K.L.:
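One structure, as structure tokens, below. Some questions next.
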Amino acid sequence: MPITWRNFADWAKRRPAVLRAADRLGRTRGRLRVLDRIAPPPPAPMRPDLGNWDRCRLAAAWIGHATVLLRVGKMTVLTDPVFSERIGLGLGLMTLGPRRRFAPAIALRDLPPVDLILVSHAHFDHLDRPTLVRLAKSIPVLTSEHNGDLVRDLGFRKVRELRLPQDLTRLSGERVRIGGVTVTARRVPHWAPRMFHDTHRGYCAFLLEAGDCRVLFGGDSAGGDHFADLGGIDLAILGIGGYDPYLAAHATPEQAWQMFRQMRGRALLPIHHGTFRLSHEPIDEPLHRLLACAGGQAEQIVVRRIGQSWFDPTPPGG
């Protein structure tokens with residue numbers, strides 16, 4: 001059997017000593033990872049158009065995987081920032097884990113000033129410490145419960161964990177207002193141990209509201225009707241990959257489309273596909289299946305390629 005990241009993870013999770021060692025390796029900052037930069041991934045298919053970014057009512061650019069640059073409420077928000085060539089365990093000069101298929105659509109140094117960082121959960125493809133350590137430590141960070149320790153020691157001065165209610169029937173959790181945006185934690189079906197044994201770590205989606213703009217960043221979520229109560233979402237950012245064989249944690253494209261329809265969304269930005277090979281389905285299958293089930297309404301799928309941008313044409317109050 002060939003050695004792959006998935007095979008290693010399946011072997012390691014049955015060995016507590018290996019998990020304890022891996023936990024330490026999973027907290028590295030990636031300063032020495034020169035071997036990761038050998039044979040870098042090819043450029044992203046597109047580069048985001050940020051020319052009118054500061055004047056947008058609502059805009060988004062897909063950087064890759066679950067990393068999205070958002071403009072909402074006169075604030076620039078960065079979701080689950082992952083800009084590394086590889087994700088996984090730090091082994092000094094290299095990283096043990098999946099390699100990106102395409103470079104991030106924009107370099108960290110070329111990002112506009114970021115006003116808020118969202119980190120949905122602790123998995124390596126969503127919480128990448130070597131990326132976070134390179135971002136300005138004055139930026140506020142919102143994350144799910146019991147994940148602040150993976151961010152605070154990097155130097156961030158404003159880290160807040162948004163809790164979900166103990167009553168599992170309640171879907172909305174803590175709410176906080178930062179600048180012109182109100183962010184609410186939302187319950188999703190997923191799981192979030194970083195190293196299999198740390199099962200206390202939380203996970204959530206984020207609802208962002210600013211004036212008449214409503215954006216849902218779904219993070220990772222299995223299929224279900226947990227977003228059906230929202231209604232009237234301007235932009236839904238939902239994962240469509242990672243379902244084979246992980247249906248209990250990741251929605252299929254058809255389930256993602258159904259969730260989008262339930263929340264009466266206007267525009268859908270699909271994520272969690274095409275960047276890292278983390279599951280068994282063919283790399284291009286999720287988007288093909290999403291477009292097929294959308295049929296004549298496929299124009300609502302507004303971003304389809306890494307680096308593509310979307311600008312809401314709706315005027316303020318429209």
Side-chain angles (χ1 to χ4, degrees), residues 43-83 102-118 120 135 139 178-183 205-219 227 230-240 256-257 259-261 263-275 286-287 290-291 294 296-318:
M46 300 181 70
R47 181 176 173 83
D49 176 9
L50 304 180
N52 295 314
W53 191 256
D54 291 343
R55 295 189 290 275
C56 289
R57 167 186 180 267
L58 176 60
W62 186 27
I63 308 303
H65 199 57
T67 306
V68 177
L69 193 67
L70 284 170
R71 184 68 181 175
V72 56
K74 298 183 179 179
M75 293 182 64
T76 295
V77 181
L78 188 62
T79 71
D80 288 354
V82 177
F83 286 74
F102 296 102
I106 186 172
L108 271 174
R109 62 180 178 275
D110 295 330
L111 286 174
V114 175
D115 301 302
L116 176 63
I117 297 169
L118 301 179
S120 62
L135 292 165
I139 304 173
I178 296 181
V181 178
T182 298
V183 182
F206 297 101
L207 175 65
L208 293 82
E209 298 173 286
D212 57 353
C213 291
R214 303 181 79 222
V215 177
L216 176 72
F217 173 62
F227 296 139
L230 291 176
I233 296 295
D234 294 290
L235 177 65
I237 303 169
L238 299 176
I240 64 169
W257 180 254
M259 292 191 291
F260 173 69
R261 299 295 296 162
M263 70 179 78
R264 302 197 308 278
R266 290 200 302 113
L268 172 60
L269 194 165
I271 59 170
H272 207 276
H273 70 101
T275 308
L287 185 59
L290 180 67
L291 293 171
Q297 298 172 311
E299 74 281 353
Q300 291 182 277
I301 302 169
V302 294
V303 170
R304 306 179 186 184
R305 304 176 70 192
I306 296 172
Q308 190 172 359
S309 306
W310 172 77
F311 301 91
D312 185 7
T314 307

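Keep in mind that what you see is a predicted model, and the values were worked out from it rather than measured.
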K.L.:
Please report the shortest heavy-atom distance between Ala60 and Val68, naming the atom on each side.
P.N.:
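Answer, listing the atom of Ala60 first, then Val68: CB-CG1, 4.2 Å.
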
K.L.:
Within a strict 4.5 Å, meaning less than it, do heavy atoms of the Met263 and Leu238 side chains meet?
P.N.:
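Sidechains of Leu238 and Met263: in contact.
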
K.L.:
Answer yes or no: is there an ion pair linking Lys74 with Asp115, defined by an N-O contact shorter than 4.0 Å?
P.N.:
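Judged by the 4.0 Å cut-off on N to carboxylate O distance, Lys74 and Asp115 do not form a salt bridge.
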
K.L.:
Show, in sequence, the C-alpha distance, side-chain angles and deciding distance for Asp49 and Phe311, and conclude whether the side-chain contact (heavy atoms from CB on, under 4.5 Å) test is met.
P.N.:
CA-CA 10 Å; Asp49 176 9; Phe311 301 91; 4.2 Å; yes

K.L.:
Using side-chain contact (heavy atoms from CB on, under 4.5 Å), reason through Leu235 and Asp312 one step at a time and then give a plain yes or no.
P.N.:
CA-CA 9 Å; Leu235 177 65; Asp312 185 7; over 6 Å; no

K.L.:
Is there a side-chain contact (heavy atoms from CB on, under 4.5 Å) between Leu69 and Ile106 once you walk through the steps?
P.N.:
CA-CA 10 Å; Leu69 193 67; Ile106 186 172; 5.6 Å; no

K.L.:
In a check of side-chain contact (heavy atoms from CB on, under 4.5 Å) between Val183 and each of Leu207, Val77, Leu116, which one passes?
P.N.:
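That would be Leu116; it is the only one of Leu207, Val77, Leu116 passing the side-chain contact (heavy atoms from CB on, under 4.5 Å) with Val183.
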
K.L.:
Could you go through the side-chain contact (heavy atoms from CB on, under 4.5 Å) check for Arg47 and Asp110 one step at a time?
P.N.:
CA-CA 11 Å; Arg47 181 176 173 83; Asp110 295 330; 3.7 Å; yes

K.L.:
Do you know the tightest heavy-atom contact between Leu111 and Phe83?
P.N.:
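Leu111 and Phe83 have their closest heavy atoms at CD1-CZ, 4.1 Å.
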
K.L.:
Should the pair Phe206 and Phe217 be assigned to parallel (<30°), tilted (30 to 60°) or perpendicular (>60°) ring geometry?
P.N.:
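Judged by the thresholds at 30° and 60°, the geometry between Phe206 and Phe217 is parallel.
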
K.L.:
Taking the side chain as every heavy atom from C-beta outward, state whether Met46 and Trp62 have any atom pair closer than 4.5 Å.
P.N.:
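The answer is no; the side chains never approach within 4.5 Å.
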
K.L.:
Minimum heavy-atom separation for Thr76 to Pro112, with atom names?
P.N.:
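Smallest interatomic distance, heavy atoms only, reads CG2-CG, 4.3 Å.
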
K.L.:
Taking NZ, NE, NH1 and NH2 as the nitrogens, is one of them in Arg214 or Asp234 under 4.0 Å from a carboxylate oxygen of the other?
P.N.:
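Not counted as a salt bridge, because no side-chain N and carboxylate O are separated by less than 4.0 Å.
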
K.L.:
Compare every heavy atom of Ala44 with every heavy atom of Ala105, then report the nearest pair and how far apart it is.
P.N.:
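Heavy-atom minimum between the residues: CA-CB, 3.7 Å.
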
K.L.:
If you take all heavy atoms of Cys213 and Arg57, which pair is closest and at what distance?
P.N.:
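Reported closest heavy-atom pair: SG-CZ, 3.4 Å.
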
K.L.:
Do you know the tightest heavy-atom contact between Gly265 and Gln300?
P.N.:
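Closest approach of Gly265 to Gln300: O-NE2, 3.2 Å.
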
